[in-house]
Amino acid sequence: MGIVAWIVLGLLAGAIAKVLLPGRDPGGLIGTTVIGIAGAFIGGWLSAKFLDKPIAKDFFDAATWGSAIVGSLVLLIAYRILFGNSRD
């Protein structure tokens with residue numbers, strides 16, 4: 001997969017993470033989008049590095065999507081813990 005595919009995957013993973021973890025985020029829509037993209041990259045890298053699961057060449061690989069969504073969820077939770085709900 002190329003860099004554009006990872007960005008699209010990150011956008012979709014961030015949206016899915018937002019649906020799974022509703023609520024107001026400190027960064028709003030742009031912050032959640034950036035977190036989704038970063039989560040996809042980090043989740044894919046961690047999956048390849050520590051779980052010995054190579055990054056698939058296919059866009060529709062379930063393991064790649066799962067790692068991207070989990071990475072986005074972890075980053076979204078960490079972001080909420082670190083920055084709180086500053087939009088109150």
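Hydrogens, waters and symmetry mates play no part in the numbers below; they use all other heavy atoms, side chains included. The residues of the chain are indexed from 1 along the displayed sequence.
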Enquirer: Can you hop from L9 to V70 via hydrophobic side chains spaced under 4.5 Å?
Expert: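 No, L9 and V70 fall in different hydrophobic clusters.
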Enquirer: Look up atom CD1 in I7 and atom CG in L12, then write down how far apart they are to the nearest 0.5 Å.
Expert: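 Going from the CD1 atom of I7 to the CG atom of L12 covers 12.0 Å.
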Enquirer: Say you draw a straight line from CH2 of W65 to CD1 of I16; how long is it, rounded to the nearest 0.5 Å?
Expert: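 CD1 of I16 is found 5.5 Å from CH2 of W65.
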Enquirer: Are L73 and V19 connected in the hydrophobic side-chain network, where two residues link if heavy atoms are under 4.5 Å apart?
Expert: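 No, separate clusters.
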Enquirer: side-chain contact (heavy atoms from CB on, under 4.5 Å) for L21 and R80? Distances and angles first, verdict last.
Expert: CA-CA 11 Å; L21 194 65; R80 286 183 181 181; 3.4 Å; yes
Enquirer: Is there a path of hydrophobic side-chain contacts, each under 4.5 Å between heavy atoms of I, L, V, M, F, W or Y residues, that connects V74 with I35?
Expert: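 No, V74 and I35 fall in different hydrophobic clusters.
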Enquirer: Distance check, rounded to the nearest 0.5 Å: I77 atom CD1 versus L82 atom CG?
Expert: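 If I round to the nearest 0.5 Å, the distance is 12.0 Å.
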Enquirer: Compare every heavy atom of S72 with every heavy atom of A13, then report the nearest pair and how far apart it is.
Expert: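 Minimum heavy-atom contact is CB-OG, 3.7 Å.
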Enquirer: Please round to the nearest 0.5 Å and tell me the distance separating atom CD1 of I37 and atom CD1 of I42.
Expert: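 The CD1 atom of I37 sits 12.0 Å away from the CD1 atom of I42.
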